[in-house]
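Numbers restart at 1 for each chain; the letters A, B, ... are given by sequence-line order, proteins then strands. Computed from heavy atoms alone, side chains included, the values below leave out hydrogens, waters and symmetry copies.
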Amino acid sequence: MSGRGSQVIRTRHQKLEELRRLGIEPFAYEYDVTAHAAEARAAFEAAEAAGELVDGKGQDVRLGGRLVSFRTHGKVTFADLQDASGRIQLYFRRNDLGEKAYDRLDLLDIGDWIGVAGHLFRTRMGEVTVHVTSYELLAKSLRPLPLGKEEVDPETGERIVHGGFADIEQRYRQRYADLAVNPHVREVFIKRTRIVRAMREFLDARGYLEVETPILQPLYGGASARPFITHHNALDMPLYLRIADELYLKRLIVGGLERVYEIGKDFRNEGIDRTHNPEFTMLEFYEAFADYRRMMTVVEDLMVHLVRTVTGGPLEITYQGITLNFQPPYPRLPYLDALKEYGNIDVNAMDDAALRDAVKSFGAEDVESMSRPKLMDELFKELVEPHLQQPVFIIDFPLELSPLAKPKRGAPDLVERFELMVAGREIANAFSELNDPIDQRQRFEAQVRLREQGDEEAQTLDEDYIRALEYGMPPTGGVGIGVDRLVMLLTDQPSIRDVILFPTMRPE
RNA sequence: GGGCCGAUAGCUCAGCUGGCAGAGCAGGGGCCUUUUAAGCCCACGGUCCUGGGUUCGAGUCCCAGUCGGCCCA
């Protein structure tokens, strides 16, 4: 709270002054920690099981962490300390600490960082606890954390949190507090890091080179989206934040790097909802001499590796109550067949007007100006995607929707492209990359015409990229994977904001 | 962009047809040397999201706005 400040905050400031008056520095410089809470507990239990304890007294430890609860009983006090590994109970006794140090516990608050030294023991109630013989304040907390009280259900053994930090808006705005008080939130982000690390392991092991390409680009491309625009002062020119890495990574294939990948932020200037954040993380990888069919098997192998990373072995996960099985091979379902099967849309039997009527029937906007492929895309999103729960490759998309993909062998209106769909969402998007510079120029020109007709998401003509293709790009398979959405899937989170540490928000 | 819902103590929430703004937890003062949502007693704590309006009287009703959530586009 601003202004006069709350009673709680005022009290903490008073304690801070009192500490300074006593010559105690409330913001320490270091503490020599010998273990984490979880290690200390495990070590005690091992010693106990081996019968090594004398008078029930365990190892000496020095722990650092945050005070998360406090129970005073006159001349004895219990507290809980939380560090990165979890929580452990602390036991302070006046006789052991001395009167002065014991009384100064009054100057501590929940949320303070402290260091404690003492030995481990097990209480009458059976809890492994640190019998504290000395403690130090490491950092005073001047603002109360929204910590709830925890209870363990005696029947199920589950932790029940009373009160706590539930306001969704404040949890996103103050992620530091969310992380500090909600262990399951910490778990999600730890898993996210493991998943991204597993992606690197997988690609590194297959000889892919991790690279970094420009985020600030003079032209943006590689996807259909509106960009963020910024300005370079010294060059006095506009620059765009990238919407995709694609065109730069393929330039590296031209350069002979053969297998490259990048994991990085892309930026798209569009709405925010459960599956869209303006900045998001994308994995793209490209492999020379491969076509989209080969890339499907790479994606299957990658998914197996990632699912196993999360589950520890099994290939089934639950997403929002639905069990998903990632055992390959995943079905290959042609785009037009999917439209027919799930949407009852037989594209070959319907003229543009019939398609347009079908799109209108579910109330889309700007239907009159849509091209035939755009209409098909609308129908696909509306009628087909919700049915695609179990992993499936949708293959062979209409050419106009895919200006960077190679025409399908034997079907020139289609391209060799697949999307891996899971839980009704696109997880991966991939092509046999278009490496014919003459065809690529024509595709760009078609995009420019669409742009001139008002399609703000149509791509721009990138002359330098054409020049690169003119030098010669080998046949190449490329894949893009939205990392945030994949992490949502693998951590069973309903919103992209639950897997981004600091999601984009309007200012308070 | 549209619809619905929400915003009240530091936190989690209640507050009916308009009538003195509440509870639990946290925080403060007591008692308590193995407790664990510790317990018992006492006192304290409010820009009811913001701005208008209706009314004798608004947390409550009306209008506009801010921020957020869900659904739709």
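- Rounded to an integer number of Å, the gap from NZ of A:Lys149 to P of B:C13 is 18 Å.
- Nearest-nucleotide positions on RNA chain B for A:Lys75 and A:Gly163 put A:Gly163 closer to the 5' end.
- Here B:G1 presents its P atom at 14 Å from CD of A:Glu456, a figure rounded to the nearest Å.
- Seen from the ring of A:Phe502, A:Arg175 does not count as a face-on cation partner, given the 6.0 Å and 45° thresholds.
- When both pairing distances are held under 3.5 Å, B:U36 makes no Watson-Crick or G-U pair with any nucleotide shown.
- Between B:U8 and B:C16, the two P atoms lie 16 Å apart (nearest whole Å).
- Under 4.0 Å is where a charged nitrogen must lie from a carboxylate oxygen, and between A:Arg87 and A:Asp80 no such pair does.
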**Worked check of side-chain hydrogen bond (donor to acceptor under 3.5 Å, both in side chains) between A:Thr123 and A:Gln89** = CA-CA 10 Å; A:Thr123 64; A:Gln89 182 170 255; 4.6 Å; no
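- Base pairing analysis places B:G24 opposite B:C11; the two distances defining the Watson-Crick or G-U wobble pair are each below 3.5 Å.
- For B:G45 and B:A21, the P atoms lie 14 Å apart once the distance is rounded to whole Å.
- Taking the six-membered ring for Trp and the full ring otherwise, A:Tyr342 and A:Phe380 have centroids separated by 6.0 Å or more.
- Residue contacts for A:Gln170: at a heavy-atom cut-off of 4.0 Å it reaches no nucleic acid atom on any strand shown.
- If you measure from atom CD of A:Glu169 to atom P of B:C70, you get 12 Å, rounded to the nearest angstrom.
- When the P atom is compared between B:G15 and B:C49, the two are found 14 Å apart, to the nearest whole Å.
- Salt-bridge check for A:Glu127 with A:Arg122: failed, with every basic side-chain N at 4.0 Å or more from each acidic carboxylate O.
- A heavy-atom distance below 4.0 Å to RNA chain B is reached by these residues of residues 104-131 of chain A, ordered by number: A:Ile110, A:Phe121, A:Thr123, A:Arg124, A:Met125, A:Glu127.
- Contact check on A:Glu270 versus A:Arg226 returns no salt bridge, with no Lys/Arg side-chain nitrogen under 4.0 Å from an Asp/Glu carboxylate oxygen.
- Closest heavy-atom contact between A:Ile243 and A:Gly221: CG1-O, 3.6 Å.
- Taking atom CG of A:Leu67 as the reference point, atom P of B:U36 lies 19 Å away to the nearest angstrom.
- Nucleotides B:G52 and B:A58 place their P atoms 13 Å apart, quoted to the nearest Å.
- Comparing B:G69 with B:C63, their P atoms are spaced 24 Å from each other, to the whole Å.
- Stacking here means ring centres nearer than 5.5 Å and ring planes tilted less than 30 degrees, and by that measure A:His162 does not stack onto B:G24.
- Between B:A38, B:U33, B:G69, one nucleotide has an atom nearer to the side chain of A:His73 than all others, and that is B:A38.
- Distance CZ (A:Phe70) to P (B:A38): 13 Å, rounded to an integer number of Å.
- With respect to the salt-bridge test (charged N to carboxylate O, under 4.0 angstrom), the residues A:Arg66 and A:Asp112 do not qualify.
- Here A:Arg87 does not reach the OP1 or OP2 of B:U36: none of its side-chain N or O atoms lies under 4.0 Å away.
- One interatomic measurement links the two molecules: CD1 of A:Ile160 to C1' of B:C25, which rounds to 15 Å at whole-angstrom precision.
- In this structure, B:C4 and B:G69 make a Watson-Crick or G-U wobble pair, each of the two defining distances being under 3.5 angstrom.
- Of the candidate nucleotides B:C71, B:U34, B:C44, B:U34 has the atom lying nearest to any side-chain atom of A:Phe78.
- Within the 4.0 angstrom heavy-atom criterion, no nucleotide atom of any strand lies near A:Asp80.
- If you take atom C1' in B:G10 and the same atom in B:C71, they sit 33 Å apart, rounded to whole Å.
- Contacts of A:Lys15 with the nucleic acid, taken as non-hydrogen atoms under 4.0 Å apart, involve only primed sugar atoms and P, OP1 or OP2.
- Among the protein residues, A:Arg12 comes within range of no part of the nucleic acid, since none of its heavy atoms lies under 4.0 Å from any strand.
- In this structure, the CZ atom of A:Arg94 is 18 Å from the C1' atom of B:U34, given to the nearest Å.
- With P as the reference atom, B:U50 and B:C44 are 25 Å apart, rounded to whole Å.
- For the contact set between residues 499-508 of chain A and RNA chain B, defined by any heavy atom under 4.0 Å, the members are A:Met505, A:Arg506, A:Pro507.
- No engagement by A:Ser69 is indicated, since no non-hydrogen atom pair under 4.0 Å with the nucleic acid exists.
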**Request:** Apply salt bridge (Lys or Arg N to Asp or Glu O under 4.0 Å) to the pair A:Arg485 and A:Glu426, showing each step before the final yes or no.
**Result:** CA-CA 9 Å; A:Arg485 289 184 193 177; A:Glu426 172 196 337; 5.3 Å; no
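- The base-pairing partner of B:U50, taking Watson-Crick or G-U wobble contacts with both distances under 3.5 Å, is B:A64.
- No more than 12 heavy atoms of other residues, nucleotides or ligands sit less than 6.0 Å from atom CD of A:Glu158.
- In this structure, A:Phe165 places its CZ atom 17 Å from P of B:A7, rounding to the nearest Å.
- A gap of 31 Å separates the C1' atoms of B:A64 and B:U12, to the nearest Å.
- Of the charged side-chain nitrogens involved, at least one lies within less than 4.0 Å of a carboxylate oxygen, so that A:Glu169 and A:Arg173 count as a salt-bridged pair.
- Just one residue in the list A:Phe121, A:Phe44, A:Phe78 forms a ring-ring contact (aromatic ring centres under 6.0 Å, His included) with A:His131, and that residue is A:Phe121.
- An OP1 or OP2 oxygen of B:U35 is reached within less than 4.0 angstrom by no side-chain nitrogen or oxygen of A:Arg71.
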